[in-house]
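Beneath this line is the structure, given in C-alpha cells, with notes to follow.
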Protein chains: 4
Amino acid sequence: MIPIENRNVFDSTIEEMLNSLKSEQKMTEKQRRILQAAVQLFAEKGFHASSTSEIAKKAEVAEGTIFRHFKTKKDLLYALVAPMFIKFATPMILKDPKRIIGESEKSAALVLEELFANRFQLFNENWPRIKIILQEAQIHPEIMEALIENIARQARILGGQFVQERMQAGEFRELPIHAVTRAIFSTMLGYLFFAHAFPEESDEKTDIQEMVDILLHGIKKTV
Amino acid sequence: MIPIENRNVFDSTIEEMLNSLKSEQKMTEKQRRILQAAVQLFAEKGFHASSTSEIAKKAEVAEGTIFRHFKTKKDLLYALVAPMFIKFATPMILKDPKRIIGESEKSAALVLEELFANRFQLFNENWPRIKIILQEAQIHPEIMEALIENIARQARILGGQFVQERMQAGEFRELPIHAVTRAIFSTMLGYLFFAHAFPEESDEKTDIQEMVDILLHGIKKTV
Amino acid sequence: MIPIENRNVFDSTIEEMLNSLKSEQKMTEKQRRILQAAVQLFAEKGFHASSTSEIAKKAEVAEGTIFRHFKTKKDLLYALVAPMFIKFATPMILKDPKRIIGESEKSAALVLEELFANRFQLFNENWPRIKIILQEAQIHPEIMEALIENIARQARILGGQFVQERMQAGEFRELPIHAVTRAIFSTMLGYLFFAHAFPEESDEKTDIQEMVDILLHGIKKTV
Amino acid sequence: MIPIENRNVFDSTIEEMLNSLKSEQKMTEKQRRILQAAVQLFAEKGFHASSTSEIAKKAEVAEGTIFRHFKTKKDLLYALVAPMFIKFATPMILKDPKRIIGESEKSAALVLEELFANRFQLFNENWPRIKIILQEAQIHPEIMEALIENIARQARILGGQFVQERMQAGEFRELPIHAVTRAIFSTMLGYLFFAHAFPEESDEKTDIQEMVDILLHGIKKTV
DNA sequence: GATGAATGAGTGTTCATTCAT
DNA sequence: GATGAATGAACACTCATTCAT
C-alpha cells in the first residue's frame, strides 16, 4: 500500500494506474508470470507489436487467464508502468533528500557520487520497464506528462534545493540555479546514454569520479 | 544519389534501407504526400498504431497507391528513416569539422556555442523523424546499432579530435579525452531533454551561454 | 413431480425439458435464486446475451454453483420454460372447463368476461417467463411446436366445445365453429398486444366489457 | 430515397437506421448476398446466435467483406430492419387511406376484406424480416418503441378515422372508437397467429370473409 | 455442496496486402 | 499509374464449462 500522504503527489492518470495495481508482492504466481512475460515482450517489441496470445504462451497460461487478472491489455501495461512511478519518485523523495539536504556536512563531491551511483543502480535494475515507459510516453501524452510532472519536476525541485544550499554556503559559484541543476541532470542523462551506447568502455566507478570532477569544476567556486 | 564513398559507412541493414530509397527529391507528388502523412502519423501514434488506411486518407491517395510505391508498410518506414541517417551523419562529418578543427583560432566557447546552436537546429527541424527513429531503435537492435555506429561513434570521434586539439594547445585540463567528450555530449543531450520537458522556461540563446559557461569552467584550465 | 397421466401430453422435446426439471418447490434456496436471476436476465436481454457470470452475480452465488445444479446453460433455460407448459396447460384443462362447460346456465357474456379476466391475470403474473418462451419458440421449432400442440391446440379444442354447445343451444349464430373460436382468441390476443403497446389507455374491466360486447354482437343470434 | 415529407414520421432511432441504409436497390451484388444471408440466419437463430463468420460463409464472401459494407454487426441488423419500417408504414399511409377513407361509397365489408388481404400479403412477403424485428424488439426497447410509435400508433390513428367516418354515417353502432379499432386489429393479429399455428387448415379468402362477417356483425348497426 | 481460478474455443473487428478494372 | 473492393490471418476479448480445493 502506498502511504496516503504520498498519493497526492500523483495526478489522476497515475492514480488510476495505481488503483489497478495490486501491490506486486501480493500477486499470485500466475499474475507474476503474466507480468514478467509482458515486461519482456513489451520491452523487446513494444506494446502494440506484442500480442496477448504471445504473452500467454510465454507466461505458460491460457490467453483467457490474462484477462481474468487484467481487464484489458492496456491495464496490463499500466500494472507494469505504475510501480515504476512509485519506485522512482518515492525513494528519491523519502530517502535521498535526507542524505543530500540533511547531511550537508558531506562534500558536494561525495554527495553527487553517491547520488549518481544510487540512481544508476535504479536504472540498471529496472531497465526493461523504464524502456517500456519511455516508449509509451512517446505515444501517450498522459504518460509523458505524468512522467514530467511526477518525476522530472519533483527531481528538479529537489536538485534545485541542493544547489541553492551549496550556493548559499558559498561552495558553488553564483549561477542561475536552473542552469546548475540542468548541468547535474545532463551529466547523469549523458552517462546513461554513453554507458548504453558504448558499454564495453565503461567502468562505473571511475566514470562517476571523472564526471563529478568535471561537473564540480564547472560549478564550484575556484579558490 | 548517395555518393559511393559514404555508402560503405552504412552496414548491410542500412544498405537495405537505402536500396528501397528513391532519393526524396525525385519522388512524385503522391509519393511525397504519402511519406509526409506517414511521418506525421508514425511520430504521433507510433508505427504499429498507424494503419495504412489512415495514411492513405491523410495523404489523400487510395490505399492501393501506397503499395504501388512502397512494397510493404515497413518499406515505408525505412524510406522515412534512411534519409535521416544520411542527413545527420554526412553534414556533421563534412561541414562542421571544417569549422571546428579548421578554425582553431576561435575560442572554445564560440566553437561550442556555434556547434550547440547548429545541432539543436538540426534536431528541431527534424524532430518528427528523429522521434520515429528513436522509437524504432528501441525495438530493432539493427537500427540502434546503426545509429550508434554511424552517428554516435562518428560524432564521438570528431568530438574527441576537437578535445585533443584543445588539450594539446593547453587550453583544456589534462583529463581523459572520453570523459571530456562525454561531458560535451551530455550537455547537449541534457538540454534537449530539458527543453522538451519544460518548454516554457527555455530561451535557447541564454541557455546555450549558461551551459557553455559551466561546461568550459569544468574542463578548461584555470589560469 | 408431474403426475404421470399428464406427462404423455408432452412430446419428447418437452419430456427432455421435464427430466431436467426438479419440481420447483423442492429446490434449494440457491437453486431458486439462480432460476429467479435467470428469468429476469433472459426476459430482459435474451438467452444468448445473458452470461452465466451475470446470472451468478445477480443470484449471489459462485459461477460454478450454477453448473452444479444445471448441467449446462441450456438446461437452466429448460428448467425455466418447462414449468410454464404445465402451469398454462393444466389449470386451463382442469379448472376453467368446469366453469365454462359445466355452468352452462351462465350467460355467454359472463363466461367470456370471466375467462378473459382469468387468462389475462395468468399472463400478467407470468409475463417474464412467457416472454422467454416466445423468444425461444421463434428460434427452436421444437418449442414452437410444443407450444402449439400442447397449449394452442388444447385451448382451441376447449374453446370449440364451448362454442358448439352455445350454438346447439341456439344462442350463437350458425357459423363455422373454428371461425368463432378464432374470433374469441383473436380478441384476447389483440387485447394483450394493445395493452402492452398503449398501456396508459387501458382499464382492464371496461376493456373486457367492450370487447365481449362487440364479440358477442358478432357471434350471437339477433333476436 | 425516402421522400422528405415522410421522413419526419420516423423518430431519431429510425432516422439513424435509415442513414446507415443505402437504398437496397443500389446495393452491390456482395452487399445483397450478405444481407440475404443475414436475414436467413437472424430469422432462423436470432441475432446473437448468428456469428459473422457464419454469415460470411453463407454469403460466400470473406468475413472482412461484411465489415467493409456494414461497420458493425449491429449495423447489419439495422440495414435489415430499417426498410421494413418504411415498407410497412408508408404504403399504409399513402395508398390504403385513399381506398379506405376516400372510397367511402364502398361497403365496409369490401373495404375490410381488401385491407386484410393487402396487409396479410405484406406480412407473408416479409415474414423473415418481421420475425427478426419482433425478436429484437423484445430485447431492445428503442426498437419496440419505434415499432409502436411509427407503425402501431399510425395504423391505429388511420383505423380510428375509418371507424369514426362509418359511425358518423350511421353504419356502425355507437361504440367507443378505440374499442372498434381494437376489434379490427385484433381480428387481423389473431388471424396471423392462427394461420401460423395451424397452417394446414387455412384458406385465406374464406377465412377473411368469415372474419369480416363476424367483425361487422359485432360493430354494425342492426337494421 | 460450494467455490472461483483456469481454460481455450469462439467472437466481432482490424488490417496489410492483392488485383481486376 | 491509380484505384478501392475484397481478402483472410491475426487481434483483443468473452464465455460456458471444468475441477482442485
Side-chain angles (χ1 to χ4, degrees), chain A residues 28-31 33-34 47-57 59-76, chain B residues 28-31 34 47-57 59-77, chain C residues 28-31 34 47-57 59-77, chain D residues 28-31 33-34 47-57 59-76:
Chain A
T28 69
E29 160 71 5
K30 301 238 160 177
Q31 278 173 310
R33 283 225 305 273
I34 291 166
F47 176 73
H48 261 102
S50 309
S51 72
T52 49
S53 82
E54 248 179 323
I55 295 168
K57 202 176 292 171
E60 289 178 310
V61 297
E63 205 172 348
T65 307
I66 293 176
F67 293 93
R68 173 159 291 279
H69 295 294
F70 306 92
K71 247 164 75 82
T72 67
K73 193 188 170 195
K74 204 154 205 175
D75 279 355
L76 183 52
Chain B
T28 68
E29 162 69 6
K30 303 230 162 186
Q31 281 173 308
I34 292 167
F47 175 74
H48 265 100
S50 310
S51 70
T52 49
S53 83
E54 247 179 324
I55 297 167
K57 201 179 293 171
E60 291 177 309
V61 297
E63 207 172 347
T65 309
I66 293 175
F67 291 90
R68 185 149 295 282
H69 294 295
F70 307 92
K71 240 165 74 85
T72 69
K73 192 188 170 194
K74 204 150 210 174
D75 280 352
L76 181 52
L77 174 65
Chain C
T28 70
E29 162 69 5
K30 301 230 166 188
Q31 281 173 310
I34 291 167
F47 174 74
H48 265 99
S50 309
S51 69
T52 49
S53 83
E54 248 178 323
I55 296 169
K57 201 179 293 172
E60 290 177 310
V61 296
E63 207 171 347
T65 308
I66 293 176
F67 291 91
R68 186 150 295 281
H69 294 296
F70 307 91
K71 242 166 71 86
T72 68
K73 193 188 169 194
K74 205 149 208 172
D75 281 351
L76 182 52
L77 175 65
Chain D
T28 69
E29 160 70 5
K30 302 238 162 182
Q31 278 173 310
R33 284 222 307 270
I34 292 167
F47 175 74
H48 261 101
S50 309
S51 71
T52 49
S53 83
E54 250 179 321
I55 296 168
K57 203 177 291 172
E60 289 177 308
V61 297
E63 206 171 349
T65 307
I66 293 176
F67 292 92
R68 173 158 292 277
H69 294 295
F70 306 92
K71 246 164 75 80
T72 66
K73 193 187 170 194
K74 204 153 206 173
D75 280 355
L76 184 51

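Everything numeric here is computed off the predicted structure, so don't read it as measured data. In what follows, chains carry the letters A, B, and so on, assigned in the order in which the sequence lines appear, proteins first and then strands, with residues in each chain numbered from 1.
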Assuming nearest nucleotide by heavy-atom distance, tell me which of Lys74(A) and Lys74(C) is located more 5' along DNA chain F.
Lys74(A)
What's the verdict on side chain to side chain contact (heavy atoms under 4.5 Å, CB included) for Thr52(C) and Leu76(C), showing C-alpha distance, side-chain angles and the deciding distance?
CA-CA 10 Å; Thr52(C) 49; Leu76(C) 182 52; 5.8 Å; no
Nearest-Å distance, CD (Glu63(B)) to P (dA16(E))?
7 Å
Toward the 5' end of DNA chain E, which comes first, Ala62(A) or Lys30(C), by nearest nucleotide?
Lys30(C)
Under 4.0 angstrom, heavy atoms only, what part of the nucleic acid is Ser51(B) near: base, sugar-phosphate, or nothing?
sugar-phosphate
How long is the line joining CG of Leu77(B) and P of dA16(E), in whole Å?
13 Å
If each of Gly64(C) and His48(B) is mapped to the nucleotide of DNA chain E with the nearest heavy atom, which maps nearer the 5' terminus, i.e. the 5' end?
Gly64(C)
Between P on dT14(F) and CD on Glu54(C), what's the gap in Å once rounded to a whole number?
12 Å
Scan every strand shown for a Watson-Crick or G-U wobble partner of dT21(F), both distances under 3.5 Å, and answer none if you come up empty.
dA2(E)
Give, for atom CZ of Phe47(A) and atom NE2 of His48(B), the distance between the pair rounded to the nearest 0.5 Å.
12.0 Å
Atom NZ of Lys57(D) and atom C1' of dA6(F): how far apart are they, to the nearest Å?
19 Å
Please report the interatomic distance CD(Gln31(B)) to CD1(Ile66(B)), rounded to the nearest 0.5 Å.
12.0 Å
With respect to the side chain of Lys73(B), which nucleotide from dA16(E), dA2(E), dT3(F) is positioned closest?
dA16(E)
In whole angstroms, the gap separating P of dT3(E) from CD1 of Ile34(C) amounts to 9 Å
What nucleic acid atoms does Thr65(D) come within less than 4.0 Å of, heavy atoms only: base, sugar-phosphate, or nothing?
base
Spacing of CG belonging to Asp75(D) relative to NZ belonging to Lys73(D), to within rounding of 0.5 Å
12.5 Å
Ile55(A) CD1 to dA10(F) P: how many Å, rounded?
17 Å
To the nearest 0.5 Å, atom CZ of Arg68(B) lies from atom CD of Glu63(B) at 14.0 Å
If you compare every side-chain N and O of Thr52(D) against the phosphate oxygens of dG12(E) (OP1, OP2), does one of them come in below 4.0 Å?
yes
For the pair made of CD in Glu60(B) and C1' in dG4(F), what is the distance, rounded to whole Å?
16 Å
For Phe67(C) and for Ser53(A), locate the closest nucleotide of DNA chain F by heavy-atom distance; then report the residue assigned to the nucleotide nearer the 5' terminus.
Ser53(A)
Rounded to whole Å, NZ of Lys71(A) lies from C1' of dC13(F) at a distance of 11 Å
Is there a side-chain contact between Arg68(C) and the phosphate of dA2(E), meaning an N or O under 4.0 Å from OP1 or OP2?
no
